[in-house]
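Just follow the structure's listing: the first ligand is 1, and inside any ligand the first atom is 1.
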Amino acid sequence: MLRAVALTKHFPGKQVIANFSFAWSTPGIYLIAGPNGVGKSTLLAMLAGALAADAGEVFVGDADLRNSPLSARRRLSFCPADCPVFPFLTGQDWLGLLASVRGHLNRQALDQLMDGFQLHAHLHTRFDQLSLGTARKILLLGSAAADTEILILDEPSNGLDASSLAALQQVLREQARQRLIILSCHEPAQRRGFDISPDRTLSL
Ligand SMILES: Nc1ncnc2c1ncn2[C@@H]1O[C@H](COP(=O)(O)OP(=O)(O)OP(=O)(O)O)[C@@H](O)[C@H]1O
């Protein structure tokens, strides 16, 4: 489904990811774990095609992210740890934009997370007027509801309250039967009430 081959990334004065290779061949939840600053976000951004590697390759199925970025990215959905959305958009605008780019969004995931995150009252508020946690929930909902075979979430539990963590946990567990889900966490997720029970943990 997804294959990283000898991925390497330097930032000025430091090597962050060195020769990382791994093949994800079955659906399930894969946790990328490790302390602050070890390179989890850097790795996930390279896997998603949001950050160029210095060397190495990422294949999404047969499509090479560098040479066939559109066909590769069509098959994956990525939610970064920050909130990179135009501040003047509302949640409704954002989900409409995603639906038009993706063709459609998964109705079941949309409904489950809209209720579980209690987002109905916030959909018509601009992103620059939302709390960070609510903005994150809208981005997570949009990413989880994209009907892609791969979902990559950077620190999805950050900033979420307990009932939202439980809702996200349930949706991800259900989706993981058919979907490859890669997520990062910098401390044991269970400690913060996000007991995602990954099928495999890769420690950086
Ligand atoms: N654009 C950048 N320019 C320079 N250095 C960077 C840049 N992005 C990340 N780094 C550095 O790369 C290293 C890895 O950062 P990264 O955000 O990938 O770590 P992380 O494991 O996700 O950390 P955290 O758990 O705190 O989110 C850090 O030392 C960070 O300072």
Side-chain angles (χ1 to χ4, degrees), residues 1-24 28-60 64-66 69 72-73 76-87 117 127 130-144 146 148 150-162 164-165 168-169 171-172 176 179-204:
M1 297 178 88
L2 180 69
R3 194 156 52 95
V5 183
L7 279 183
T8 297
K9 185 72 186 175
H10 299 81
F11 290 117
K14 69 181 98 163
Q15 179 160 43
V16 179
I17 300 290
N19 244 354
F20 176 92
S21 296
F22 193 80
W24 289 266
I29 296 183
Y30 292 76
L31 179 66
I32 307 287
N36 290 132
V38 76
K40 302 179 297 295
S41 297
T42 303
L43 175 62
L44 293 189
M46 289 193 290
L47 292 175
L51 180 69
D54 296 338
E57 287 170 290
V58 176
F59 295 91
V60 185
D64 166 356
L65 252 182
R66 195 188 310 258
R73 284 161 128 176
L76 63 82
S77 173
F78 174 48
C79 188
D82 52 4
C83 199
V85 174
F86 290 116
F117 285 170
F127 272 92
L130 287 170
S131 73
L132 188 58
T134 304
R136 285 279 295 152
K137 286 194 249 184
I138 294 172
L139 294 197
L140 284 167
L141 178 150
S143 305
T148 56
I150 300 167
L151 174 63
I152 299 177
L153 303 174
D154 193 0
E155 305 270 5
S157 59
N158 268 7
L160 265 58
D161 52 49
S164 300
L165 285 175
L168 181 64
Q169 194 173 301
V171 168
L172 295 184
R179 198 176 199 196
L180 169 60
I181 300 174
I182 303 174
L183 49 86
S184 68
C185 198
H186 59 72
E187 58 179 331
Q190 300 90 319
R191 240 188 260 160
R192 297 194 297 114
F194 189 54
D195 190 3
I196 198 66
S197 312
D199 297 292
R200 176 147 181 198
T201 299
L202 303 177
S203 295
L204 294 187

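- A donor-acceptor pair under 3.5 Å is absent between the side-chain atoms of Arg73 and the main chain of Leu65, judged by distance alone.
- Using a 4.0 Å heavy-atom criterion, the residues that approach ligand 1 are Phe11, Lys14, Val16, Pro35, Asn36, Gly37, Val38, Gly39, Lys40, Ser41, Thr42, Glu155, His186.
- Evaluation of the salt bridge (charged side-chain N to carboxylate O under 4.0 Å, His left out) rule for Asp161 yields Lys137 as partners, not counting sequence neighbours.
- Under the 30°/60° scheme for interplanar angles, the aromatic rings of Phe22 and Phe20 are found to be tilted.
- The closest donor-acceptor contact from the side chain of Ser184 to the backbone of Glu155 lies under 3.5 Å.
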*Should Leu76 and Leu47 be marked as a side-chain contact (heavy atoms from CB on, under 4.5 Å) after you check the CA-CA gap, both sets of side-chain angles, and the distance that decides it?*
CA-CA 10 Å; Leu76 63 82; Leu47 292 175; over 6 Å; no

*Quick one: do Lys40 and Cys185 satisfy side-chain contact (heavy atoms from CB on, under 4.5 Å)? Show the steps, please.*
CA-CA 8 Å; Lys40 302 179 297 295; Cys185 198; over 6 Å; no

